[in-house]
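Everything on this sheet refers to the single structure shown next.
Fair warning: this is a prediction, and the values are worked out from it, not measured in the lab.
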Number of protein chains: 2
Amino acid sequence: MTRTTIADVAREAGVTKATVSHALSGNRPISDETRSKVLAAAERLNWVPSQSARALATSRANAIAVVLARDPEVIANDSFFPAFIAGVESVLAPTETALILQVVPDRAAEERAYRALSRGRADGALLLDLRTDDWRVPLLGELNLPTVLVGAYDQPSGFSCVRTDDAAPVREIVARLRADGHERIAHVSGPLDYVHSKARADAYVDAMGGDSLLREGDFTASSGRALTAELLALPDRPSAILYSNDTMAIAGLSYARSQGLSVPRDLAISGFDDDHLSAHLSPALTSVSSDPAARGRAAARLLREGILGAEPRTELVDCNVVHFRESTESAASTPPASTPAPPEVSRRTP
Amino acid sequence: MTRTTIADVAREAGVTKATVSHALSGNRPISDETRSKVLAAAERLNWVPSQSARALATSRANAIAVVLARDPEVIANDSFFPAFIAGVESVLAPTETALILQVVPDRAAEERAYRALSRGRADGALLLDLRTDDWRVPLLGELNLPTVLVGAYDQPSGFSCVRTDDAAPVREIVARLRADGHERIAHVSGPLDYVHSKARADAYVDAMGGDSLLREGDFTASSGRALTAELLALPDRPSAILYSNDTMAIAGLSYARSQGLSVPRDLAISGFDDDHLSAHLSPALTSVSSDPAARGRAAARLLREGILGAEPRTELVDCNVVHFRESTESAASTPPASTPAPPEVSRRTP
DNA sequence: ATGAAAGCGCTAACAC
DNA sequence: GTGTTAGCGCTTTCAT
């Protein structure tokens with residue numbers, strides 16, 4: 001059984017291949033009668049055009065790519081990514097465009113991946129986890145692959161960009177903590193070469209005006225724990241810590257409790273990303289939600305435009321919302337009776 | 001600037017296209033000298049073979065596909081999926097195989113997607129979220145697309161299958177609750193046409209021996225909440241509820257608390273999937289971890305085999321581990337002093 | 001061990 | 001409005 005091709009459909013419909021092709025693409029006027037004959041024949045033979053043949057003929061892959069150079073552990077625990085992908089898909093789906101996902105172990109593999117993608121596998125790429133002076137930006141420029149940068153990339157790039165304002169929520173949290181009487185406020189950031197980590201850290205330093213206490217983490221639970229330990233061991237230890245994601249915040253929370261500290265009474269804690277479970281922790285975690293799906297939709301739209309030849313443009317998706325919850329509640333801000341400090345299940349060795 | 005092709009490389013190396021092709025694929029003996037000349041030329045011109053041309057010539061896409069017919073909300077809150085994908089990628093990456101991800105809104109779109117995939121876009125597919133008598137199984141058979149079923153599919157399929165034993169952890173949890181004195185134990189399942197939901201529900205009913213109290217949810221927080229409300233309103237309400245995922249369990253937990261119940265004192269709760277934050281909730285949630293990455297790796301391996309023409313086979317990945325945590329602790333099993341019931345932030349209207 | 005040439009299944013000029 | 005034909009960039013017989 002040899003698979004059915006456009007030639008079979010043409011024969012079945014009594015027309016030529018060109019007519020079949022145009023009947024489907026609408027790329028040239030076709031009489032209604034011919035079109036329906038063709039459609040009927042295609043239906044009868046259960047024919048679907050071959051993507052690879054079409055891709056070769058048009059140099060269009062009808063696919064876009066996301067290459068991830070992350071550690072599997074980080075991917076598994078990340079609440080941003082799945083929602084972002086869902087957003088991307090929601091605009092891709094109606095256009096029959098596929099999403100190619102590639103996870104690579106190192107930079108050499110990542111570069112190979114982009115080169116291969118640009119040679120017939122994908123029509124464009126979405127760049128996540130941007131770093132300052134990201135080497136991928138010039139590479140993709142050279143490869144001439146339409147690209148959308150997801151994140152606040154500030155160097156010139158010639159690409160479209162989906163940004164969010166990460167500074168505002170940081171300022172808002174710091175201001176609230178200050179108002180609640182916190183003076184010593186620390187920040188556990190993500191890797192500072194990531195533009196979003198950097199933006200948050202800069203906003204924090206700025207808001208603290210010289211009196212900042214910054215530690216650079218890597219978004220993993222273990223770094224959250226280690227850096228919290230470091231901060232709490234300080235002679236003049238902070239009474240509040242802002243973490244750059246929820247995973248680190250929760251690790252920090254666990255550590256603080258293991259030391260017999262009560263959150264938020266002895267230590268106020270806030271996260272970032274608002275994992276769907278964070279509101280259910282106890283104490284519920286103050287965090288910043290940022291609608292990753294909306295960013296995915298914007299990125300996919302911009303990429304489609306770019307592939308179609310539109311000028312690059314930057315879109316600001318403003319979706320950051322701070323959710324103040326129990327983990328930053330102060331005695332001052334709430335009547336103590338209504339929110340008693342959670343009992344400490346002390347894990348200190350007796 | 002027209003992109004460089006195999007012909008350019010051949011010219012540069014002073015050989016023919018065929019030689020270039022074979023120098024890279026190793027499909028026929030080549031003198032070491034010629035090969036290195038070719039490789040050098042390719043390197044010099046920064047040439048990477050076109051995937052679409054290669055796909056057309058070999059009818060090999062070098063890609064596999066996962067089609068998801070889920071609601072975006074469910075995708076975003078699912079802890080299984082990202083880890084599973086990371087596992088898949090870890091075996092795909094070294095083979096330069098791409099993963100195509102497609103999210104579709106309805107059955108018609110899903111069927112079209114599979115037809116299109118089988119026509120040159122992908123060499124195989126991974127089937128998730130299996131249902132009993134899943135219509136996709138015969139479709140993929142007819143399309144002749146190598147496929148791996150991820151889940152305990154029991155009908156004949158002719159495909160490879162990655163299974164896990166979901167009954168065992170359910171039995172283990174029920175037994176433990178029984179031993180702790182619970183008599184009225186309910187189960188909030190996922191949709192019962194999913195094979196994994198069904199397997200868990202069957203195991204539950206079986207373990208309860210006639211005295212079961214089953215409600216069918218849909219894995220969303222809202223269904224978890226609604227069904228918990230229903231169960232707690234029963235005259236003879238359960239003292240323990242097993243949920244088929246963590247999201248529903250946590251929604252149930254919140255609801256119970258909102259009603260002034262204490263978990264686990266008044267109601268024991270267990271989840272499934274062991275979200276990475278579940279251990280950090282308060283009370284920490286009893287749940288079942290199942291190493292989705294291991295299943296992803298197994299599925300990808302099996303699919304590669306199948307594409308290469310191997311006979312279908314079933315692999316049992318046994319990775320389910322029950323983590324008993326505070327949410328199912330009974331007074332009997334722990335001295336009350338060491339794990340005081342969490343204080344109720346009562347949300348009842350006064 | 002290498003070269004020449006015929007496709008893979010489509011699309012897009014170019015005719016008419 | 002429809003047919004003819006020449007590619008798209010590879011791989012793979014078939015020769016040599």
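Rounded to whole angstrom, the span from the CZ atom of B:Arg35 across to the C1' atom of C:dT2 amounts to 13 Å. Rounded to an integer number of Å, the gap from CG of A:Leu45 to P of C:dG9 is 15 Å. The CZ atom of B:Arg60 sits 19 Å away from the C1' atom of D:dG9 (whole-angstrom rounding). Atom-to-atom, NZ of B:Lys17 to P of D:dG9 comes out at 10 Å; the value is rounded to the nearest Å. Put simply, NE2 on B:His22 is 15 Å from P on C:dA4, counting in whole angstrom units. Rounded to whole Å, atom C1' of D:dC8 lies 14 Å from atom CG of B:Asp8. The distance from atom CG of B:Leu56 to atom C1' of C:dC8 is 4 Å, rounded to the nearest whole Å. Atom-to-atom, CD1 of A:Ile6 to C1' of D:dT2 comes out at 14 Å; the value is rounded to the nearest Å.
Comparing atom distances between the A:Thr34 side chain and each of D:dC10, D:dT2, D:dG9 picks out D:dT2 as nearest. Counting only heavy atoms from C-beta on, A:Pro29 has its side chain closest to D:dG1 among C:dC10, D:dG1, C:dA5. Among the nucleotides D:dT2, C:dT2, C:dT11, the one closest to any side-chain atom of B:Ile30 is C:dT2. Counting only heavy atoms from C-beta on, A:Ala18 has its side chain closest to D:dG3 among C:dC10, D:dG3, C:dA1.
No hydrogens or angles were tested; on distance alone, a donor-acceptor pair under 3.5 Å links the side chain of B:Arg28 to the base of C:dG3.
Nearest-nucleotide positions on DNA chain C place B:Gly14 closer to the 5' end than the other of B:Gly14 and B:Ser59.
At a cut-off of 3.5 Å, with distance as the only test, a side-chain donor of A:Ser290 or A:Arg295 sits close to an acceptor on the other residue.
Side chain of A:Asp123 to main chain of A:Ile64: no donor-acceptor pair is present (N/O by atom type, distance under 3.5 Å, no hydrogens or angles). The backbone N or O of B:Pro191 lies less than 3.5 Å from a partner atom in the side chain of B:Ser197, making a donor-acceptor pair.
For the pair A:Thr5 and C:dG9, the criterion of a side-chain N or O lying under 4.0 Å from OP1 or OP2 is not met. Put simply, B:Thr16 has no side-chain N or O that comes within less than 4.0 Å of OP1 or OP2 on C:dA4. Distances shown here put every side-chain N or O of B:Ser21 at or beyond 4.0 Å from the OP1 or OP2 atom of D:dT12. Look at A:Thr58 and you won't find any side-chain N or O under 4.0 angstrom from OP1 or OP2 of C:dC10. Residue B:Asn27 has no polar side-chain atom (N or O) positioned under 4.0 Å from OP1 or OP2 of D:dT11.
The neighbour count for B:Asn46 CG, taken as heavy atoms of other residues, nucleotides or ligands under 6.0 Å away, is above 12.
Using a 4.0 Å heavy-atom cutoff across all strands shown, A:Arg119 reaches sugar-phosphate atoms only and no base atom. Residue contacts for B:Ser52: at a heavy-atom cut-off of 4.0 Å it reaches no nucleic acid atom on any strand shown.
The aromatic rings of B:Tyr194 and B:His196 sit tilted relative to each other, their planes meeting at an angle between 30° and 60°.
Ion pair A:Arg163/A:Asp154 flagged as a salt bridge, since at least one NZ, NE, NH1 or NH2 atom sits closer than 4.0 Å to an Asp/Glu carboxylate oxygen.
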